[in-house]
Structure formats: C-alpha cells, structure tokens
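To start, the structure itself, in structure tokens.
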There are 2 protein chains.
Amino acid sequence: MSSTLQTLDRGLLALEIVSEHKEGITIAGLAEQLGVHRAIAYRIVTTLEAHALLTRTPEGPVRLGAGITLLASRFEPQLHAVAQPLLKTLAKATRATAFVSIAQGKECVVTLVAEPDEGMLRVSYRVGSRHPLTQGAAGIAILAGRTPQDDDSPEVCQARAEGYSLTRGQLQRGAVGVASPIVTARLRAGIEACVGVVAMDDLDTERAIREVKASARQLVELIGQ
Amino acid sequence: MSSTLQTLDRGLLALEIVSEHKEGITIAGLAEQLGVHRAIAYRIVTTLEAHALLTRTPEGPVRLGAGITLLASRFEPQLHAVAQPLLKTLAKATRATAFVSIAQGKECVVTLVAEPDEGMLRVSYRVGSRHPLTQGAAGIAILAGRTPQDDDSPEVCQARAEGYSLTRGQLQRGAVGVASPIVTARLRAGIEACVGVVAMDDLDTERAIREVKASARQLVELIGQ
DNA sequence: TTTTATTGTTACTTTTATCGCACACTTAAA
DNA sequence: TTTAAGTGTGCGATAAAAGTAACAATAAAA
C-alpha cells in the first residue's frame with residue numbers, strides 16, 4: 001500500500017471544508033479546522049485559487065470557485081459512459097425505466113435514463129426533469145443517503161434502514177418508484193445521488209428492490225468508493 | 001506575493017490532466033504529462049483517490065471519481081447565492097429574463113433564472129430546461145467560450161470575436177436571446193457556462209449586449225478568475 | 001520457450017519544499 | 001486607547017517529498 005502526500009491531502013481536505021461552508025470561511029477559520037498554522041492555510045488557499053477551485057471574496061472569506069464546474073462538466077460524460085450500460089441492464093432486468101438522479105439544492109434532478117426495450121407501455125422519465133427531494137422514491141433515497149437529521153420523515157428513516165425507498169403515485173398516479181442511494185465510504189459525506197426504476201403498478205417490487213440495490217453497489221465500485 | 005505549494009499544485013494539475021482524458025489515463029501516461037517520476041504519480045493518485053476525486057478502473061486507467069459530484073452539488077448553492085442578485089440586476093436593466101446556463105454533454109442546461117418585475121408579458125425560461133449547444137444564444141456563447149475548433153459554425157466564430165451571441169427565433173418564434181460566455185483566465189479551459197437574457201422581439205439589443213457582457217465579466221470576478 | 005517491456009510497490013538517500021514561528025499591518029470592537 | 005481578530009510575508013530548521021534503484025508480477029514480443 002503506497003502512502004499519501006501530506007500537502008496534497010491537506011489541500012483536498014481544505015477544499016472539502018470550504019465546500020461545507022456555503023457562506024464562505026475565513027482563512028483563520030480554515031486553518032483552525034485543518035489544525036494547522038494560518039500561514040499554511042494561506043498557501044493552500046493560494047494554490048487552490050490558482051486552479052480556480054477556490055475564490056476569495058473581496059471582503060475576505062473563501063468560497064468554492066468556478067473550476068469545480070469545469071471538472072463536473074468533464075465528469076458527467078464519464079459517469080454517462082460507465083453508468084449507461086449498467087442502467088440498461090437494470091432496465092432490462094426489471095422491465096422498468098431505470099434512472100440516476102442527483103440532488104440540486106432542494107430538488108432532485110434526473111441525469112441519466114434507460115428504458116426497457118420490451119413492454120407495450122412504459123413510463124418515460126425525462127432527463128433534466130426535477131421535483132422536490134421530499135417527493136418520490138428518488139428524492140427520498142437521496143435524503144436517506146445523507147447523515148440522519150432530526151426532521152427526517154418516517155419514509156426517509158425507513159429508506160435509510162432498508163437501503164431503498166419505494167413510493168406509489170407520489171409523482172404520477174399509477175406509477176411505482178424504487179430507488180437506492182449511492183453511498184460512498186471514502187467521502188466525508190454522501191454524493192447526493194441515487195439509482196432507481198419507475199414503472200406502472202405492475203412492477204415486480206421484490207425483484208426491483210434487489211436489482212436496484214445491486215446496481216447502487218456496482219455504481220459505487222465503478223465510480224469510486 | 002505568497003507562493004504556491006508544489007505538491008498540491010502538482011496534484012491539482014494531475015486532476016485536471018485526468019479530467020481531460022475521458023477514457024481514462026494510465027499512471028505512466030500521467031507521470032509523463034506531469035513530467036515526474038512514476039513513483040510520484042502513484043503517490044499523487046493514491047492521495048486523490050483517498051478523497052474520491054479519482055478512481056482506478058480494475059484494468060488500470062485512472063478516471064475522475066464521484067467526489068467531483070459532491071463538490072459540484074455544494075458549489076451550486078454558492079453560485080446561486082452570488083449570481084442571483086447579479087441576474088436580478090441584469091433582468092431589471094434589460095427588462096428581460098436573465099439566465100445562467102452551463103454545458104452538459106452536447107446540451108445546454110439552464111441553471112439560474114431571474115425575471116424582471118416590470119412588463120406585462122415576459123418570456124419565462126425554466127430552470128432545468130435544455131437544448132442543443134448549437135442552438136440558441138446560450139449554446140452558441142458556450143461554444144464560443146471554448147478553444148476554436150475547425151468545425152465551428154460562422155455564428156460561433158462571430159460570437160467568439162465579438163464576445164457575445166445574438167439569436168432570433170431559434171428556440172422560440174418571436175424571441176430574441178443575447179448571451180456571453182463566462183471565460184476564466186486561470187483555468188486551462190473555459191468553464192462551459194454563459195450569462196444571457198431572453199425577451200420578445202422588442203429587446204433593446206444594444207443595451208442588452210452591453211449589460212450581458214458586463215455581467216459575464218462581473219461573474220468571473222465573483223466566481224474566480 | 002526466452003526475452004523484453006510495462007506495471008505496481010517498497011526501501012533508502014538526498015535535497016528541497018514545507019512547516020511553523022515571527023513580525024508588520026489593518027480593521028473593528030471594547 | 002487597548003484589545004482582539006484577521007491578513008499578509010519573510011526566514012531558518014527540518015520533516016516531507018523527490019528521486020533514485022531495485023524487485024516481483026504480468027503481459028507482450030521474439
């Protein structure tokens with residue numbers, strides 16, 4: 001097992017800490033959270049700033065920078081390439097429409113979809129469509145993937161315990177949704193995403209639950225623990 | 001003038017290099033591009049992997065990891081906080097609907113919107129809606145923000161030269177769009193985003209162009225050069 | 001088959017990049 | 001005015017990387 005680089009490690013940790021502070025954080029505050037001298041934090045910020053991963057507001061505080069967007073836009077096609085075949089398999093196995101959704105603010109956005117080729121009728125779930133996190137199997141699965149909150153609904157708590165969520169008719173009458181959060185062990189927090197399927201009422205839920213959970217695990221393997 | 005940290009700098013450079021290789025890159029290849037010994041590249045990759053910013057496929061190559069998604073999901077509300085007031089001002093000044101769009105694959109997705117409070121009729125542009133990059137002012141502005149390609153359309157070339165794009169009726173009959181790419185100097189590439197306005201045919205284009213370009217510059221300041 | 005690359009990892013020496021202190025300075029509150 | 005909290009930057013000591021070399025383990029070529 002090869003070792004890690006202290007300086008790089010700290011820098012990335014700093015990036016994560018900054019990302020946790022929506023309103024920004026002072027360099028002094030960052031230094032404290034990192035447990036290092038201010039001067040070190042200062043150099044770390046300068047370096048991250050040079051790569052546009054951080055910005056300093058004129059008043060002082062440090063926030064995330066535009067570089068994140070660039071990286072994210074490059075990650076998306078990679079995720080697509082990796083996850084699409086997996087989704088296709090999931091769609092076939094469950095004979096339902098499979099999807100990957102991620103959180104964006106208080107909403108849940110569909111990023112990838114695969115439809116089964118069999119079946120007369122099928123539910124289609126458009127990429128880019130969004131709905132509140134509190135509604136539908138996908139949203140609940142994402143909430144369940146977060147660290148427990150006091151105000152979690154019973155559904156979310158159950159989904160967290162079982163590893164999946166199942167909803168009927170929440171987004172569309174007569175539709176069933178099953179979703180499972182994508183939980184990564186290495187990160188300090190979940191990645192706020194889930195895999196799932198939607199179908200008409202005739203979904204074989206037993207099987208769907210099994211398959212969706214398996215897909216979530218596989219995705220974690222492919223995408224990075 | 002404070003200095004940057006070599007190790008962190010190299011690590012971030014490695015991250016960028018990996019992000020440029022959609023299919024992944026071998027560690028040896030990465031080491032070469034970084035101009036360092038293989039052993040160093042290994043240590044860098046291990047560290048980035050520990051933060052889930054990179055993953056290694058079972059066959060070897062290194063790709064971006066899920067950590068990017070987490071950072072991106074946290075950047076979004078920060079961008080929102082910073083850009084929303086600016087968009088509101090832009091909407092007021094131009095009496096048109098102002099927006100920020102980013103590229104996602106071959107499409108262009110609307111991420112933020114602000115509507116003017118005056119005016120009887122107004123064009124509403126829904127957050128999350130998407131259309132091909134080749135269509136509409138927003139898409140063209142993003143393409144213009146990229147490094148020149150051989151197959152760029154005349155519109156894209158013109159937008160690159162002028163610093164803005166203007167289209168009429170491409171997405172909706174009777175609608176005019178003006179957009180300007182958000183170009184950052186520090187990054188190795190553009191961030192694939194733009195600011196703009198959409199309105200009915202009665203838009204004061206002279207003014208809109210001026211305001212939109214100014215907004216793009218301001219956003220760069222706020223978000224990180 | 002042997003030979004030749006390439007990959008992945010470790011142990012060790014060298015060197016230099018990083019650490020952490022220190023000092024100067026600004027701003028704002030007490 | 002003093003106190004406090006924060007920013008920004010040189011500098012020497014040393015821990016932390018760099019940069020070797022070396023060694024299995026594959027994998028590809030002869």
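Below, each value reflects all heavy atoms present in this structure, side chains not excepted, and no hydrogens, waters or symmetry copies.
When the side-chain nitrogen and oxygen atoms of B/Tyr42 are compared with OP1 and OP2 of C/dT9, none of them lie within a distance under 4.0 Å.
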*Do B/Asp117 and B/Lys88 pass the salt bridge (Lys or Arg N to Asp or Glu O under 4.0 Å) test, and can you show the C-alpha distance, the side-chain angles, and the key distance before you say yes or no?*
CA-CA 9 Å; B/Asp117 10 50; B/Lys88 191 71 197 170; 3.6 Å; yes

*side chain to side chain contact (heavy atoms under 4.5 Å, CB included) between B/Gln6 and A/Thr7, intermediate numbers included*: CA-CA 9 Å; B/Gln6 189 191 61; A/Thr7 311; over 6 Å; no

*Dump the intermediate steps for side chain to side chain contact (heavy atoms under 4.5 Å, CB included) on A/Arg146 and A/Glu192, then the final yes or no.*
CA-CA 7 Å; A/Arg146 291 186 176 168; A/Glu192 309 261 75; 2.6 Å; yes

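Rounding to whole angstrom units, CD of residue A/Glu32 and P of D/dA5 are separated by 11 Å. Between the CD1 atom of B/Ile25 and the C1' atom of C/dT7 there is a distance of 15 Å, rounded to whole Å. For the pair B/Asp9 CG and D/dA17 C1', the interatomic distance rounds to 15 Å; values are reported in whole Å.
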*What does nucleotides 12-24 of chain C look like as a protein-contact string, B for base, S for sugar-phosphate only, - for none, at under 4.0 angstrom between heavy atoms?*
-----SSBBBB--

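Rounding to the nearest 0.5 Å gives a distance of 9.5 Å between CD of A/Glu76 and OG1 of B/Thr69. The distance from the OG1 atom of A/Thr47 to the CG atom of B/Leu8 is 5.0 Å, given to the nearest 0.5 Å.
Within 6.0 Å of atom CD in A/Glu162, more than 12 heavy atoms from other residues, nucleotides or ligands are found, so the atom counts as buried in its surroundings.
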Table of protein N/O atoms under 3.5 Å from nucleotides 27-30 of chain C N/O atoms:
none

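Defined by atom type and a distance below 3.5 Å, a donor-acceptor pair is missing between the side-chain atoms of A/Gln78 and B/His21.
Formation of a donor-acceptor pair under 3.5 Å by the A/Thr55 side chain with backbone atoms of B/Ile223 is found in this model.
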